[in-house]
Amino acid sequence: MRVCTDATLFGAMAPIEGGERVLDIGAGTGLLALMVAQLGAARVTAVELTGEAYSEASYNFAQSPWSEKLTAVHQDIQGFAKHCDERFGLVISNPPFFDSHSKSAEADRNAARHTDLLPYGELIIAVERLLGDDGIFYLLIPCHAVERFTELAAGERLHLRRRIDYRGYRHNRPKVSALTFSRRLGGYESEILTIYSDGREYSAESARYLSPFLLRFADSDQ
């Protein structure tokens with residue numbers, strides 16, 4: 001699966017204050033885990049089901065400047081949650097999006113894109129078991145799934161605290177949402193982030209988040 005702008009922006013906006021123990025569910029080749037390590041997480045455990053992605057994540061971690069912080073685990077999150085005694089201050093996930101779309105002939109691609117192996121309900125149950133009392137659950141899902149996911153999460157006493165909808169341009173409707181949940185009831189915030197300005201250039205807001213991570217900004221004043 002290629003790295004997309006939505007996922008990169010999601011990682012760049014992760015709520016890292018510094019020193020957190022982070023769990024990345026469905027880590028793929030390790031993009032989000034690497035980004036939160038760069039942002040200052042103390043330790044990152046990246047759980048990935050598919051063998052090829054797990055191998056690539058392990059390689060990417062070993063080659064990175066943050067290798068000592070990063071651990072890849074080859075397992076489904078349901079099994080990991082049953083046997084893990086650790087609780088995490090931040091759980092992040094860019095889970096499979098689709099539950100009724102046509103599928104590819106590639107099994108690993110299907111696992112990454114479709115909810116068959118990780119239904120939303122099972123993801124939420126795993127997060128509830130693994131999240132610390134004051135922890136934050138942060139994930140990226142399609143806008144059309146937000147209401148359903150929020151209802152399921154509330155059933156496990158995980159409450160939506162913040163929603164950021166991503167849209168390509170100002171004239172586009174948002175397609176994906178970055179959601180922040182916690183165990184604690186409290187205020188709720190929502191906003192829309194526009195990724196591009198005219199001419200396929202990043203907007204000032206998205207550039208502010210992405211500039212520490214993308215080489216295109218290396219020689220830029222942004």
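Contact of the Val44 side chain with the Leu23 side chain is not registered, since no non-hydrogen atoms from C-beta on lie closer than 4.5 Å. Thr45 places a side-chain heavy atom less than 4.5 Å from the side chain of Phe80. Counting only heavy atoms from C-beta outward, the side chains of Ile195 and Arg167 never approach each other to under 4.5 Å. Put simply, the side chain of Val47 does not reach to within 4.5 Å of the side chain of Asp24, judged on heavy atoms. Within the 4.5 Å cutoff, no side-chain heavy atoms of Asn172 are placed close to those of Thr194. Residues Phe137 and Leu160 fail the side-chain proximity criterion, which asks for heavy atoms closer than 4.5 Å. The closest side-chain heavy-atom distance from Leu90 to Pro15 is below 4.5 Å. At a threshold of 4.5 Å between non-hydrogen side-chain atoms, the residues Pro95 and Leu139 count as touching.
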Ring pair (Phe, Tyr, Trp, His ring centres under 6.0 Å) between Tyr54 and Tyr59: does it pass, once the steps are laid out? CA-CA 9 Å; Tyr54 160 77; Tyr59 175 82; over 10 Å; no

Verify side-chain contact (heavy atoms from CB on, under 4.5 Å) between Glu151 and Tyr120, making sure each step is shown before the conclusion. CA-CA 11 Å; Glu151 290 177 356; Tyr120 285 153; over 6 Å; no

I would like to know whether Leu179 and Phe181 meet side-chain contact (heavy atoms from CB on, under 4.5 Å); could you show each step before the answer? CA-CA 7 Å; Leu179 307 180; Phe181 293 84; 3.6 Å; yes

Report the C-alpha distance between Phe10 and Tyr138 in whole Å, list the side-chain angles of each, state the deciding distance to 0.1 Å, and finish with yes or no for ring pair (Phe, Tyr, Trp, His ring centres under 6.0 Å). CA-CA 9 Å; Phe10 172 72; Tyr138 178 63; 4.1 Å; yes

Is there a side-chain contact (heavy atoms from CB on, under 4.5 Å) between Ile136 and Val91 once you walk through the steps? CA-CA 6 Å; Ile136 293 172; Val91 177; over 6 Å; no

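Annotation: the span from Leu185 atom CG to Arg157 atom CZ amounts to 11.5 Å, rounded to 0.5 Å. To the nearest 0.5 Å, atom CG of residue Leu39 and atom CE of residue Met13 are 11.5 Å apart. To the nearest 0.5 angstrom, Leu158 atom CG is 6.5 Å from Leu131 atom CG. With rounding to the nearest 0.5 Å, the separation of NE2 in His74 from OG in Ser55 is 7.5 Å.
Considering all non-hydrogen atoms of both residues, Leu34 and Ser64 come closest at CD2-CB, 3.5 Å. The two residues Ala41 and Val22 make their nearest non-hydrogen contact at CB-CG2, 3.7 Å. The heavy-atom pair separating Phe61 from Ala33 by the smallest distance is CZ-CB, 3.7 Å. Across every non-hydrogen atom of Ile77 and Ala126, the tightest pair is CG1-CB, 4.0 Å. Annotation for Leu130 and Ala81: closest pair CD1-CB, 3.8 Å, computed over non-hydrogen atoms. Here the shortest heavy-atom pairing between Tyr166 and Asp6 reads CE1-O, 3.7 Å.
Counting only distance, with no hydrogens or angles, the side chain of Lys69 and the backbone of Ala42 share no donor-acceptor pair below 3.5 Å. Under a 3.5 Å cut-off, the side chain of Glu201 and the backbone N or O of Asp198 do not form any donor-acceptor pair. With hydrogens and angles ignored, the 3.5 Å screen pairs a side-chain donor or acceptor of Glu48 with a backbone N or O of Thr50. A donor-acceptor pair is defined here as one N or O able to donate and one able to accept, closer than 3.5 Å; no such pair exists between the side chain of His159 and the backbone of Ala154. Side-chain atoms of Arg87 come within 3.5 Å of backbone N or O of Arg129 as a donor-acceptor pair.
When Leu32, Asp76, Leu118, Asn94 are each tested for a side chain to side chain contact (heavy atoms under 4.5 Å, CB included) with Ile25, only one passes: Leu118.
Hydrophobic cluster membership differs between Ile125 and Phe149, with clusters built from Ile, Leu, Val, Met, Phe, Trp and Tyr side chains linked at under 4.5 angstrom. Hydrophobic clustering keeps Tyr209 apart from Ile192 (ILVMFWY residues linked when any side-chain heavy atoms are closer than 4.5 Å, directly or through intermediates). At a threshold of 4.5 Å between side-chain heavy atoms, the hydrophobic network of Ile, Leu, Val, Met, Phe, Trp and Tyr places Ile141 and Tyr188 in one connected group.
Residues Arg161 and Thr180 bring no donor and acceptor atom of their side chains to less than 3.5 Å of each other. Residues Ser206 and Ser203 have side chains that bring a donor and an acceptor to within less than 3.5 angstrom of each other.
Salt bridge present: Glu128 and Arg183 bring a charged side-chain N and a carboxylate O closer than 4.0 Å. Taking a cutoff of 4.0 Å between a charged side-chain nitrogen and a carboxylate oxygen, Asp134 and Arg184 qualify as a salt bridge. A salt bridge links Arg162 to Glu191: one of the charged nitrogens lies within less than 4.0 Å of a carboxylate oxygen. With respect to Arg163 and Asp165, a salt bridge is recorded, a charged nitrogen being found less than 4.0 Å from a carboxylate O. Salt bridge annotation for Arg21-Glu86: present, with a cationic side-chain nitrogen under 4.0 angstrom from a carboxylate oxygen.
The aromatic rings of Tyr202 and Tyr196 lie parallel to each other, their planes meeting at an angle below 30°, with 60° marking the opposite boundary.
Residue Gln75 places its CD atom among more than 12 non-hydrogen atoms of other residues, nucleotides or ligands, all under 6.0 Å distant.
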